[in-house]
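All ligand and atom numbering here is 1-based and tracks the order in the structure. Quick caveat, the model's predicted, so the values are computed rather than measured.
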Amino acid sequence: MERTFAIIKPDAVERNLIGKILERIESKGFRIAAMKRARLTLEQAEGFYHVHKERPFFKDLTTYMSAGGPVVLLVLEKDNAITGWRELMGATNPKDAADGTIRKEFAVDIEKNSVHGSDSPENAAFEISYFFSQTEILS
Ligand code: RTP
Ligand code: MG
């Protein structure tokens, strides 16, 4: 059993898509081990996305993820959860996302792409501990 970290981003929360996205997650066999709504501060978003700090989109991304509205933070569990969740999300740019993926169905554009997912075991561990304490995660 592996854990990954997911975010339902502001564009999806704003459009009342939380339920539809959670339905997709649960129907693919993920268990929701932790979940909370939050409004990120700019500082939290910058720390979370620190690996992207030299990228041209860093300022837009961190502004969007904080001032853009509330998000839903999730810890998901399943065998091969990291790869499985990235497959269900689809490509970063919804124009490139495969049919049946969350980004193909719901994303607005390459930035407002509705969901986040960890891309490695190391980043999953960092991202989970960035937002959740051990006592908030129930297997
Ligand atoms: P994520 O981290 O959110 O799960 O998405 P990802 O791995 O597919 O994409 P990544 O390259 O890690 O980029 C993180 C987020 O930054 C925004 N982005 N904007 N304007 C742009 O060219 C651009 N490129 C990326 C997206 O919100 C992306 O998910
Ligand atoms: Mg990423």
Side-chain angles (χ1 to χ4, degrees):
M1 190 65 80
E2 188 175 63
R3 284 179 179 168
T4 192
F5 178 73
I7 303 178
I8 303 176
K9 294 185 177 183
D11 69 274
V13 172
E14 184 181 25
R15 288 177 292 142
N16 278 358
L17 294 171
I18 296 172
K20 286 201 169 91
I21 291 172
L22 293 180
E23 208 278 322
R24 296 288 217 91
I25 289 170
E26 288 194 308
S27 65
K28 284 282 181 187
F30 293 91
R31 294 198 62 86
I32 297 169
M35 174 165 67
K36 59 188 169 192
R37 262 168 64 95
R39 189 185 287 276
L40 306 187
T41 65
L42 179 61
E43 292 70 29
Q44 275 179 310
E46 287 172 346
F48 180 74
Y49 283 116
H50 73 278
V51 294
H52 293 316
K53 66 175 181 295
E54 305 303 332
R55 302 280 199 96
F57 59 78
F58 181 73
K59 193 166 189 299
D60 274 359
L61 172 63
T62 52
T63 300
Y64 160 60
M65 290 296 290
S66 53
V71 296
V72 177
L73 309 171
L74 298 157
V75 178
L76 305 180
E77 279 183 350
K78 193 186 176 195
D79 286 342
N80 300 311
I82 294 170
T83 308
W85 172 232
R86 288 189 68 88
E87 281 173 11
L88 180 56
M89 289 198 302
T92 310
N93 188 338
K95 288 180 181 145
D96 303 326
D99 286 347
T101 63
I102 289 172
R103 283 168 167 169
K104 173 74 174 193
E105 189 168 345
F106 300 123
V108 178
D109 58 32
I110 193 171
E111 177 181 81
K112 296 177 176 57
N113 58 5
S114 302
V115 283
H116 164 83
S118 308
D119 59 10
S120 68
E122 298 70 33
N123 286 342
F126 165 75
E127 293 175 356
I128 289 169
S129 65
Y130 193 82
F131 286 114
F132 289 98
S133 63
Q134 281 309 316
T135 55
E136 292 177 300
I137 305 168
L138 306 173
S139 288

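- Taking 4.5 Å as the limit, some side-chain heavy atom of I8 sits within range of a side-chain heavy atom of L22.
- E127 does not count as a contact of ligand 1, since none of its heavy atoms falls under 4.0 Å from the ligand.
- The hydrophobic side chain of I82 is isolated, with no ILVMFWY side chain under 4.5 Å apart from it.
- Nearest protein heavy-atom neighbour of atom 26 (C) of ligand 1: I110 O, 3.2 Å.
- For atom 1 (P) of ligand 1, the nearest non-hydrogen atom of the protein is H116 ND1, 3.1 Å.
- The side-chain heavy atoms of N113 and N93, taken from C-beta on, include no pair separated by under 4.5 Å.
- For ligand 1 and R103, the ligand atoms under 4.0 Å from any heavy atom of the residue are 1 (P), 3 (O), 4 (O), 5 (O), 8 (O), 29 (O).
- Residue-ligand proximity: L61 is placed with a non-hydrogen atom under 4.0 Å from ligand 1.
- In this structure, K9 is part of the shell of residues with a heavy atom less than 4.0 angstrom from ligand 1.
- Partners of F106 by ring-ring contact (aromatic ring centres under 6.0 Å, His included), not counting sequence neighbours: none found.
- Close N/O approach between F57 and ligand 1 is not found [any backbone or side-chain N/O within under 3.5 Å].
- Looking at atom 8 (O) of ligand 1, its nearest protein heavy atom turns out to be T92 OG1, 2.5 Å.
- Between I32 and L76 the shortest side-chain heavy-atom distance falls below 4.5 Å.
- Between R86 and T4, the side chains place no donor N or O within less than 3.5 Å of an acceptor N or O (distance only, hydrogens not considered).
- Side chains of E127 and F131 form no contact here, defined as non-hydrogen atoms less than 4.5 Å apart.
- The existence of a salt bridge linking E105 and K20 is excluded, since no basic side-chain nitrogen approaches an acidic carboxylate oxygen closer than 4.0 Å.
- Partner of F5 under the ring-ring contact (aromatic ring centres under 6.0 Å, His included) criterion, out of Y130, F48, F30: F48 alone.
- In terms of protein heavy-atom proximity, atom 27 (O) of ligand 1 is nearest to E111 O, 2.9 Å.
- Residue R86 has at least one heavy-atom neighbour below 4.0 Å for each of these atoms of ligand 1: 4 (O), 6 (P), 7 (O), 8 (O).
- Atom 14 (C) of ligand 1 has as its closest protein heavy atom H52 NE2, 3.6 Å.
- At a 4.0 Å cut-off, not a single heavy atom of K112 sits close enough to ligand 1 to count as contact.
- Geometrically, ligand 1 and N113 share a nitrogen or oxygen pair separated by less than 3.5 Å.
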